[in-house]
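Only one structure is covered here, and it is reproduced in the block below.
Since the model is a prediction, treat every value here as computed from it, not as a measurement.
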Amino acid sequence: MIRASCISKTYRGRTVLDGVDLSIERGEIFCIVGPNGAGKTTLLRILDLLDRPSYGLLQILGEDATGSESVRFRIRRRMSMLFQRPVIFDTSVFDNVACGLKFRKMGEDEVRGRVKSALREVGLPGLERRRAKELSGGEMQRLALARALVIEPEILFLDEPTTFLDPESANIVNDTMVRLSRDRGTTILFTTHDLYEGERIADRIGVLMDGRFSQISEALEILHHPADLRVAKFVGFENILRARCLSWEAGEALLDLEGQKIYAISGGRCDGDVFVCFRAESVSVGVGEEPIASPRNKFRGTVTRISAFGPFVYITIHCGFDIVAMLTRRAMDELMLDLGSEVWASVKATSMRVFAGAGDAAKKTGTEKH
Amino acid sequence: MIRASCISKTYRGRTVLDGVDLSIERGEIFCIVGPNGAGKTTLLRILDLLDRPSYGLLQILGEDATGSESVRFRIRRRMSMLFQRPVIFDTSVFDNVACGLKFRKMGEDEVRGRVKSALREVGLPGLERRRAKELSGGEMQRLALARALVIEPEILFLDEPTTFLDPESANIVNDTMVRLSRDRGTTILFTTHDLYEGERIADRIGVLMDGRFSQISEALEILHHPADLRVAKFVGFENILRARCLSWEAGEALLDLEGQKIYAISGGRCDGDVFVCFRAESVSVGVGEEPIASPRNKFRGTVTRISAFGPFVYITIHCGFDIVAMLTRRAMDELMLDLGSEVWASVKATSMRVFAGAGDAAKKTGTEKH
Amino acid sequence: MNEIVEGFIEAIRLIVTLDPEVLEITVRSLVISLIATVLSAAVSIPLGSLLYLREFPGKGAVIGVIQTLYSLPTVIAGLFIFLLLSNAGPFGFLRLLFTPAGMVIAQTVLILPITTGLTIAALSGIGREVRDTLLSLGATEYQSILAILGEARFAICSALLLGFGRAISEVGAAMIVGGNIRGQTRILTTAISLETSIGNFSLSIALGIILLLLALGVNLSLALLGRWHH
Amino acid sequence: MNEIVEGFIEAIRLIVTLDPEVLEITVRSLVISLIATVLSAAVSIPLGSLLYLREFPGKGAVIGVIQTLYSLPTVIAGLFIFLLLSNAGPFGFLRLLFTPAGMVIAQTVLILPITTGLTIAALSGIGREVRDTLLSLGATEYQSILAILGEARFAICSALLLGFGRAISEVGAAMIVGGNIRGQTRILTTAISLETSIGNFSLSIALGIILLLLALGVNLSLALLGRWHH
Amino acid sequence: VQQKAALRIATTTSLYDTGLLEEIERAYEEKTGTDLLITSQGSGKAIELARRGDVDLLLIHSPPEETAFMSAEDGLYHRCFAYNYFLLLGPPEDPADIKNLTAIGAFARLHQLGRSGNPDVRFVSRGDLSGTHHAEIRIWRSAGFNYTSDVQGSGRWYIETGKGMGESLQVANEKDAYILADTGTYLAFRSKLRLVPVIASDEELLNRYSAIVINPGRHQGTNDEDAKEFVNWLLSEEGKEILTSFGGDAYGAPLFTPLEEGICESEPFSCTCSLIP
Ligand SMILES: Nc1ncnc2c1ncn2[C@@H]1O[C@H](COP(=O)(O)OP(=O)(O)OP(=O)(O)O)[C@@H](O)[C@H]1O
Ligand SMILES: Nc1ncnc2c1ncn2[C@@H]1O[C@H](COP(=O)(O)OP(=O)(O)OP(=O)(O)O)[C@@H](O)[C@H]1O
Ligand SMILES: [Mg+2]
Ligand SMILES: [Mg+2]
């Protein structure tokens with residue numbers, strides 16, 4: 001459906017996209033995540049043929065999409081896009097949604113029927129006659145979504161579709177996306193800042209950073225095997241610790257972490273200064289005797305901070321260095337943890353990731369590139 | 001700081017706010033949640049003195065805010081607001097942020113200094129000279145935030161402040177909010193669709209539904225003791241089951257759930273048809289023998305659905321009726337659960353909530369009121 | 001100042017008695033200027049849209065020239081058309097000099113820069129996002145222009161109102177090209193100018209009032225049309 | 001058509017030789033119309049802002065009347081001011097008739113409806129959200145108007161350009177109030193009208209070209225000013 | 001446009017503004033059914049229209065230009081048909097004290113007082129090369145001045161308006177100045193003016209009106225047949241009748257005197273007023 005290679009985009013000398021390669025199949029749901037300013041919107045605009053890339057090849061729906069305007073128009077007619085800040089026309093809700101259908105010269109009855117069902121789909125049934133500009137933020141967002149859906153595109157681009165939506169509406173929209181892809185074979189590309197949303201509905205996730213995909217793979221892979229340190233930080237590896245590589249053998253590294261020895265699985269050979277990373281939920285917490293069970297990496301420490309996150313709790317354990325662990329509230333109650341509690345924290349070698357520690361790489365974040 | 005009583009707002013006969021009572025103290029962080037169209041934005045606009053309520057009393061910063069424009073202006077100058085869909089002026093980033101300061105006739109040097117630190121605060125350092133309209137969605141959002149912060153208001157209204165923000169920036173913004181309230185005593189009212197965001201930083205949360213607060217209390221209270229069935233649904237009680245009340249004694253109810261007896265704590269006397277609700281994370285899951293331990297409510301069933309949610313997993317257990325339980329991925333691995341596994345699900349009586357089952361109340365949701 | 005009062009009285013008298021000559025020149029004024037406005041709309045809306053949409057070298061210059069032509073004196077516009085239509089000119093054979101048709105041409109040329117320039121301005125008031133949205137919804141270039149024009153309808157209407165105002169109030173071009181021939185090409189402004197030149201100030205003012213009432217009528221009709229359409 | 005070619009040649013000759021009389025009336029034209037534009041801006045920007053901001057009964061009617069006055073014929077405007085300024089009129093003692101100051105007044109009155117109406121239109125193009133944002137940032141009503149005007153600056157500039165265009169190209173009011181007195185109140189348009197009535201078409205066209213060049217200059221200066229300001 | 005016979009006439013404004021032509025138009029159209037299309041323009045422009053063949057007939061009161069027009073062979077027939085007198089108007093107080101002078105004497109005195117800076121003496125000139133202006137120039141010349149060097153631009157006393165008679169009268173009135181005006185326009189404006197006739201019916205102030213049939217050989221499509229017919233009608237008894245009686249009702253006295261064959265050929269008229277063959 002979409003074959004993009006080496007797409008670049010430069011605005012007045014500033015490079016925003018820097019050689020994006022992407023290939024998406026029919027019916028796939030592809031999620032783009034990445035920090036603000038990474039180029040997500042820019043990429044979607046190029047794929048929806050609203051902007052031309054400064055450089056690169058682009059094939060969409062089997063046609064070369066870098067050519068004449070008439071070809072681009074033909075392709076564009078088979079796609080639609082929900083913008084990050086959707087424009088709502090100052091007309092009725094009905095006229096807003098019917099817009100794309102009228103452009104296609106569809107008969108009035110069919111327009112009415114389709115608009116009605118699109119509005120139902122996004123949870124705004126019966127609002128046809130309302131003035132669109134008077135809707136609430138979330139209602140407008142859903143209106144814009146209905147407007148993009150109603151033309152039944154073969155490819156659908158959604159730039160942060162669940163912004164402004166309440167949890168229930170967000171679920172409805174997510175379900176709709178899944179249904180479209182499954183039942184109608186609609187190809188969907190969407191962006192989000194909610195990784196779990198991506199995980200829930202996308203077939204693959206691409207992490208866009210500094211105008212380039214750092215990693216494209218299935219959600220679990222990205223959540224647990226980030227390609228590099230920045231991705232790890234981005235996907236929420238709460239524990240990122242400086243360590244030194246002592247030895248490496250058959251994919252297992254022995255590291256020195258502030259004097260403690262730890263084992264980590266590491267695909268690539270490691271050496272010198274590294275970062276070792278693991279998720280807070282990979283940390284098991286126990287009290288009392290040293291656990292005998294499998295995890296070879298065990299640290300003893302004190303609880304120095306507890307912060308709630310819905311039904312979960314993040315606790316910070318100081319054991320020379322700080323480790324963040326995540327528990328269910330129930331587990332915490334059962335362990336009777338409190339600030340100052342002495343605990344054991346253990347992490348499996350397979351949950352640890354090791355990345356080369358190129359100087360200040362750990363500090364580099366998306367927003368600081370300006 | 002803010003005393004609102006019986007605030008109502010009607011647009012052309014449609015009642016949007018329907019008697020809102022609210023009282024907020026200095027330095028408090030108050031979070032408003034609620035479905036789309038509940039009236040959150042309308043309320044914030046009234047509190048920021050942009051609109052006048054159709055009815056109701058309003059005292060802000062010790063002054064009557066329903067009176068003359070000049071008083072309202074004086075009060076308004078001590079507050080600021082981040083809009084849900086912020087308007088970005090077509091000037092430079094600097095001029096956008098400096099706007100409010102210039103209105104206050106602040107000296108140039110101070111303006112420069114304050115703008116600089118506000119931009120740093122929101123993670124956009126050094127972008128002063130960029131054309132604001134060319135920023136990315138998240139950058140614009142942060143720009144608008146900086147614009148509201150820079151005037152150092154005594155009361156800050158933020159309508160979905162972390163929309164469009166990547167997780168790291170969202171954290172920065174949340175931290176800023178907490179710091180402002182703690183260090184400067186800034187009173188903050190914000191709306192969000194992310195309950196956990198509210199829980200993390202707000203002192204109190206108000207659940208606005210159909211133009212009225214259904215519940216105002218601390219986060220944990222709302223998450224675990226919702227005031228009514230609709231709030232329960234809204235705050236994510238995944239398990240909402242129809243049951244019949246058999247008896248009630250000293251705050252404990254005995255219910256009949258599809259033939260199974262269950263115990264639930266219920267403040268009010270219960271009777272006849274009811275709904276019994278509990279959170280997925282309150283469900284303990286075990287395999288093998290019937291657990292002997294405390295929870296008196298135990299159900300045996302088969303796993304019929306497993307769906308991932310980040311590091312967690314929701315599993316649906318069929319035991320005559322469906323129960324949704326939440327586990328960490330690790331716990332699931334340890335229990336070696338899979339579709340079809342036979343499991344025990346147990347829920348403490350104290351985790352169960354019972355609400356009168358007024359006919360179709362369970363179906364009623366925010367978006368269906370239109 | 002008596003003349004002004006007398007002018008009002010005279011205007012009322014002329015209107016109430018439906019003075020046939022005044023009626024005739026009023027209708028002629030209206031018809032000529034309306035046709036000129038419609039013609040210039042027919043040219044300037046597509047032209048303005050094109051100029052707004054298309055990027056080409058020298059676009060700024062073209063727009064600058066259009067804005068400069070806001071200052072085109074009516075006499076010069078009239079003279080220009082006169083030289084074209086005069087017997088000795090290239091289009092003399094059409095015999096349009098001293099005819100209402102010739103006046104329509106002159107007024108159209110005169111207001112074309114204004115309506116075109118203001119069309120461009122009206123369209124520029126609609127942000128780029130609107131256009132992107134329309135394109136992504138599958139609009140052809142033509143459809144997207146129509147929709148943008150729809151969003152800018154108030155501004156466009158007021159541009160046309162302004163054009164109409166300029167057409168119906170101008171006298172230079174009408175005088176030169178039309179010749180102010182009684183019963184044939186005399187319109188309100190040329191009549192006003194004639195009455196002024198023979199010192200008949202109150203009649204001038206009366207005719208001016210009638211002209212303004214006419215313009216008010218056009219305004220109201222447009223407003224009603226707009227509401228009705230809405 | 002020869003006249004047009006000759007007109008161009010004549011225009012070049014007049015410009016190159018810096019014909020003192022032409023220079024004088026050109027400068028006078030420019031100064032009078034610029035002052036009139038500035039004055040009308042000074043009135044119509046605040047007035048337009050007020051009309052845009054304030055809600056009051058009959059607001060629609062007031063705007064309708066302003067739009068109707070787009071059609072005010074220059075002769076009528078001129079006559080009106082003439083009657084006010086004439087010796088027999090209420091302001092005769094000011095002795096402004098047949099002076100450039102009088103012409104400035106007449107032109108100001110003439111273009112006021114246009115600049116006011118277009119100011120309102122320009123402001124209306126800025127959405128309500130902008131105003132809310134400004135208010136919530138602590139703008140006084142005055143400051144918020146200034147800022148909204150800033151956002152609408154292009155539209156306002158083009159309104160003023162249009163007003164200037166109308167001022168510098170109009171002849172009726174300048175003729176009646178100014179008197180086209182050689183060496184005192186003769187300006188480009190009245191000179192054009194004189195030359196036309198003499199039948200000196202090529203000189204008329206030459207003066208017309210000079211007028212358009214002048215307008216082009218004003219346009220360019222404004223564009224440069226805009227860029228420089230940006 | 002031209003189904004029934006139509007005759008296009010260009011006329012100078014001062015003739016048209018009297019209302020004479022409207023009366024003639026009514027009478028003639030009723031009699032012949034020929035549609036008269038009369039456009040009134042400044043003299044120069046009227047001549048230019050005639051020269052370009054945009055009209056069929058020219059009505060004018062500017063002898064030197066008439067001669068030039070004929071000698072350029074733009075006109076086929078040249079007939080004078082009526083005359084009246086210009087008036088020298090001035091403030092009722094007559095600050096230059098010229099009431100009892102001849103026109104030439106008065107002009108000379110005005111020039112002298114004006115040049116010498118007498119603030120009360122001003123002269124407004126139409127300065128638009130119209131028939132009236134040409135007559136004024138002629139008188140200045142007769143008084144011995146070089147018009148362009150001695151009169152024009154000789155000081156602020158000499159005010160050139162460059163516009164029509166009526167508007168120039170307004171200027172003169174506001175400025176309390178002397179002005180040369182045609183009778184018709186003066187009478188039309190009389191009620192609005194403070195100015196009064198200071199000198200009238202001097203030989204020098206003669207104002208002669210002519211009609212010129214455009215030479216159809218110069219341009220295609222001019223209608224010399226109807227033009228001839230109209231001129232002949234104007235010179236006929238019927239035409240003279242209208243000329244003689246016109247103005248009686250509105251102004252209290254006739255405005256024009258028709259020219260008779262036998263008188264018109266000699267001084268000061270020196271023109272032809274016989275029927276066109
Ligand atoms: N100007 C208006 N005119 C008419 N109705 C309006 C207007 N503004 C808002 N409403 C309606 O009032 C209701 C509440 O709107 P509001 O924007 O306050 O909702 P909200 O709680 O902020 O929703 P969201 O989560 O979608 O932002 C909505 O149904 C909306 O359609
Ligand atoms: N028209 C433009 N001119 C100049 N720079 C631009 C333009 N549009 C975007 N940019 C810049 O390009 C970069 C990428 O922008 P883009 O909107 O694609 O980011 P994004 O990944 O969508 O971010 P967000 O999560 O904030 O929406 C940003 O730094 C932005 O400032
Ligand atoms: Mg974006
Ligand atoms: Mg809202």
Interchain contact, [X] with chain A, by part (heavy-atom threshold 4.5 Å):
{"X": "B/Glu199", "value": "side chain"}
{"X": "B/Thr192", "value": "neither"}
{"X": "B/Glu281", "value": "both"}
{"X": "B/Glu197", "value": "neither"}

Enclosure of [X] [atom1] (heavy-atom neighbours >12, cutoff 6.0 Å):
{"X": "A/Lys133", "atom1": "NZ", "result": "yes"}
{"X": "A/Arg179", "atom1": "CZ", "result": "yes"}
{"X": "B/Glu218", "atom1": "CD", "result": "no"}

Practice problem: Please flag which part of A/Ser282 lies under 4.5 Å from any non-hydrogen atom of chain B: side chain, backbone, both or neither. | Solution: backbone
Quiz prompt | Between A/Leu165, A/Leu195, A/Thr163, the one whose heavy-atom pairs under 4.5 Å with chain B are most numerous | solution = A/Leu165
Quiz item: How close do B/Gly37 and A/Ser136 get, heavy atom to heavy atom, and via which atoms?
Solution: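 So the minimum-distance heavy-atom pair works out to N-OG, 3.4 Å.
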Practice problem: Could you tell me the separation between the CE atom of A/Met326 and the CZ atom of B/Phe312, rounded to the nearest 0.5 Å? | Solution: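 CZ of B/Phe312 is found 3.0 Å from CE of A/Met326.
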Self-check item: From CZ (A/Arg85) to CD (B/Gln141), nearest 0.5 Å
Solution: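 Going from the CZ atom of A/Arg85 to the CD atom of B/Gln141 covers 7.5 Å.
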Self-check item: 4.5 Å side-chain heavy-atom contact, B/Arg279 and A/Arg329
Solution: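 B/Arg279 does not reach A/Arg329 side chain to side chain.
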Quiz prompt | Sub-4.5 Å side-chain heavy-atom contact between B/Arg130 and A/Arg14 | solution =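 Yes. Closest side-chain heavy atoms under 4.5 Å.
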Practice problem: Check the angle between the aromatic planes of B/Phe164 and A/Phe164 and answer parallel, tilted or perpendicular using the 30° and 60° thresholds. | Solution: perpendicular
Quiz item: Out of B/Thr191, B/Leu220, B/Thr162, which one racks up the most heavy-atom pairs below 4.5 Å with chain A?
Solution: B/Leu220
Quiz item: Is the side chain of B/Asp166 donor-acceptor paired with the backbone N or O of A/Asn36 at a distance under 3.5 Å, no angle test?
Solution: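 Side chain of B/Asp166 to backbone of A/Asn36: a pair is present.
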